[in-house]
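First the proteins, then the strands, lettered A, B, ... as listed; each starts at 1.
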Amino acid sequence: MSFKTRVRFAPSPTGSLHIGGAHTALFNWLYARHTGGTFVLRIEDTDKERSTAEYEQSIMDGMRWMGLDWDEGPDKPGEFGPYRQSERMDSYTKYANRLLDAGLAYKDDGAVLFKVPTGKLVTFDDEVYGHIEVLSENASVNQDGTIKDIVILKRDGMPTYNYAVVIDDCTMNINMVIRGEDHIINTPKQLLIYQALGFEAPKFAHLPMILGKDKKKLSKRQGATSVFEYNDLGYLPDGVFNFLALLGWSPKNGQEIFTREEAIKNFDLSSVTKKPAVLDMDKLNHINQEQMKIMDPYKLLEIIKPFWKDLGFDISSYSDDYLAFSLQTMGGRGQTTLQLAEYSDYFISFDAVKERYKADDINEEHRPVLKKFYGELLNAPDFTPEALEAFTKSWVETNESSMKEVALPLRWALTGRKVSPGVFEVAAQLGRDECRRRLAYYDLV
RNA sequence: GGUCCCAUCGUCCAGAGGCCUAGGACACCGCCCUUUCAAGGCGGCGACACGAGUUCGAAUCUCGUUGGGACCGCCA
C-alpha cells in the first residue's frame, strides 16, 4: 500500500514571511521532500480586513528566496484546489449546514457556532510532543473559565481559523500537520470539529517556538520582519536555511553545516526538540560564513554583484572569472555577503584604496629601500603568489630587510587595509600592471 | 487567573538508566601560524533549575516545587 505524505504551509497574507513562518515552512518542506510527499501552499485569507494580494506575493517570494518550492498552491493548480480559503467558501457553508442540521451547531446574531461538548476527553499523539489530552470543556473557554462555543462562520460569512483549517486539511487530504507550538492549544478544538463531522484527523507535529533574545515569541515588531531583510543584511538563502534547520532539530550524525540535499536526506521529525529556541545572530553569522565557503564561486558572485553595485562600484569592466577568483582569493573571510563585498573592494576599485590610504605612514628613510624592492618585485619573471613570496623571502634575506618591512606597506598600497588575504595572493590576482599602477601612485616604485 | 507545553554550558544542539569526572557548535578568553586577520590550527572558561522518590545505579523514569513559554478574538 502506498501512502503519500501531504503537508501544507498555511500562512495568512497579513504580513510578509517572517522568520517564524519561514521556520515552519522549512520543516514542512523538509518533511515533504524527505518522504517524497507533496508540499501544499495554502493561503488563509479569511480575514478580509487585513489580507492583501501584496503580502500573498511577498510570502511566495520569500519562500522562493529560501528555495522552498511547493507542489500545489495558488499559482500551481492541483486536484485539491483552489488554494486560497476565500475561494473555498462552498465547502465551509456545506459542512456548517451539516453541523447545523445535526444540531451540533447553532446560529447566533448571524454567526454560526459549534457547540462545545462536555465530558469528552480529547487526545492526540503529537509526533513531537507526544501524548496530549484535554477535557473537551477546557478546550475552548472564556477568560472567566466558562465554556465558549466555537464560532465557525463569522457574521460576514467567512469561516474562522479553527474551522477552516479542519475543513481544508480534510478536503485537501492533508495527512500530517506541521505547525508552530502555539497551535498545540488549538488542536483540541479542531479535533472536536473533526469528530463532529466524522472526519479522520491527520497526524500532528508541533514545532518549538523561535524566541527573541528576550525569550519572548518573535513578533512582527521584534527583530527582522521579512526574510528579505536577511538578504539585505548579507545572509545567503542557504545560510538562513541551514541556520533555521538547526533550530529545534539536528541530524543524527551531528553535522552542522549541510546542503539542502543533506538536510532532506537526514531530516527526521522524531528528532525535533520540544524546547523553544532563542534566535542567535552569532550562530547565523557563523553558519552563513561556512555556507559562503562551500558555495559555488560563480553563484556566490551573482549574489555579491548587487552589493558591490550598492556600494557604488562599477564592475562592468571585469570578467566573471576575475571577479569569482577575487572572491575565492578572500579565502573565507567575512561572515556576510555584505562584508565580503566590502572587504574585497580593492579588487574592483583602486579609488576605494586611495580613499582609505594616504601613505603618510611611509618613512622617507625607508622609501628608497621599498622602491628598490618593489621595482624588482614587479619584474619578477613569474607573477604567482608562490613565486612572489619566494622572491621576497630571499630578497629580504640578502638585503638585510624583513618581511614585515616590505610586505606590510605593500598590503597598504594594494588594498588600503590593514587586513587582507596573503598579500602575494592579492598581488597575483591584481596582476603585474595593476600592482605597478598602485605602487606608482604612492611613489613606491 | 485558567488551560496546555517546556526545563542540559550565555546561545543552539548530543545525551532515550550504567559508555557522563556530561559531548559538539557559536560566542567569549588565551596561545600558535603568518607579511596582516576578517583566514587557519590548538587550548581554556562554561550546564544536567530545586526537592523527594523508584533503582544496585538517574541528566535520563515518577511526583512535587520553582522558573519560562504559548493560548484564552466573529486574528490566524
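- Looking at heavy-atom distances under 4.0 Å, Gly331(A) makes contact with sugar-phosphate atoms alone, never a base.
- Taking every nucleotide of RNA chain B with any atom under 4.0 Å from a non-hydrogen atom of chain A, the first and last of them, 5' to 3', are G1(B) to A76(B).
- Residue Ala111(A) is classed as a base contact, given a heavy-atom separation below 4.0 Å to a base.
- Under the rule for a side chain to side chain donor-acceptor pair (under 3.5 Å), the partners of Arg42(A) that lie at least two apart in sequence or sit in another chain are Glu44(A), Asp169(A).
- Among the heavy atoms of the strands lying under 4.0 Å from Lys148(A) are primed sugar atoms or P, OP1, OP2 only; no base atom is included.
- Residue-level contact check: Thr187(A) touches neither bases nor backbone, having no heavy atom under 4.0 Å from any strand.
- As judged by a 4.0 angstrom heavy-atom cut-off over every strand, Asn186(A) is placed among the base-contacting residues.
- In this view, Tyr322(A) and Tyr318(A) satisfy the ring pair (Phe, Tyr, Trp, His ring centres under 6.0 Å) rule, not counting sequence neighbours.
- Among residues two or more places apart in sequence or in another chain, the salt bridge (charged side-chain N to carboxylate O under 4.0 Å, His left out) test is passed with Arg84(A) by Glu56(A), Glu87(A).
- Every residue meeting the side-chain contact (heavy atoms from CB on, under 4.5 Å) condition with Ser16(A), not counting sequence neighbours, appears here in chain and number order: Tyr55(A), Ser58(A), Ser226(A).
- Under the side-chain contact (heavy atoms from CB on, under 4.5 Å) test applied with Thr187(A), the options Tyr129(A), Phe124(A), Tyr194(A) reduce to a single match, Phe124(A).
- Residue-level contact check: Thr146(A) touches neither bases nor backbone, having no heavy atom under 4.0 Å from any strand.
- Nucleic acid contact class of Tyr129(A) (heavy atoms, under 4.0 Å, all strands): sugar-phosphate only.
- Under the Watson-Crick and G-U wobble criteria, each requiring two contacts below 3.5 Å, nucleotide C50(B) is paired to G64(B).
- With a cut-off of 3.5 Å on both Watson-Crick or G-U wobble distances, the partner of G2(B) is given as C71(B).
- Using a 4.0 Å heavy-atom cutoff across all strands shown, Met330(A) reaches at least one base atom of the nucleic acid.
- Residue contacts for His206(A): at a heavy-atom cut-off of 4.0 Å it reaches no nucleic acid atom on any strand shown.
- Gly254(A) comes within contact range of no nucleotide atom at all, as no heavy-atom separation falls under 4.0 Å.
- Nucleic acid contact class of Thr273(A) (heavy atoms, under 4.0 Å, all strands): sugar-phosphate only.
- The partner of G57(B) cannot be assigned: no Watson-Crick or G-U wobble pair with both contacts below 3.5 Å exists in any strand.
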Tabulate below the donor-acceptor pairs under 3.5 Å that side-chain atoms of residues 108-119 of chain A make, not counting sequence neighbours, or state none.
none

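- Remark: Asp268(A) pairs with Lys252(A) by the salt bridge (charged side-chain N to carboxylate O under 4.0 Å, His left out) rule, at least two apart or across chains.
- Between the side chains of Asn142(A) and Thr146(A), a donor-acceptor pair is found at a separation under 3.5 Å.
- For RNA chain B, the neighbouring residues in residues 416-426 of chain A, judged by any heavy atom under 4.0 Å, are Arg417(A), Lys418(A), Val419(A), Ser420(A), Pro421(A), Gly422(A), Val423(A), Phe424(A).
- Listed by chain and number, the residues in a ring pair (Phe, Tyr, Trp, His ring centres under 6.0 Å) with Phe27(A) are His23(A), Phe267(A) (sequence neighbours excluded).
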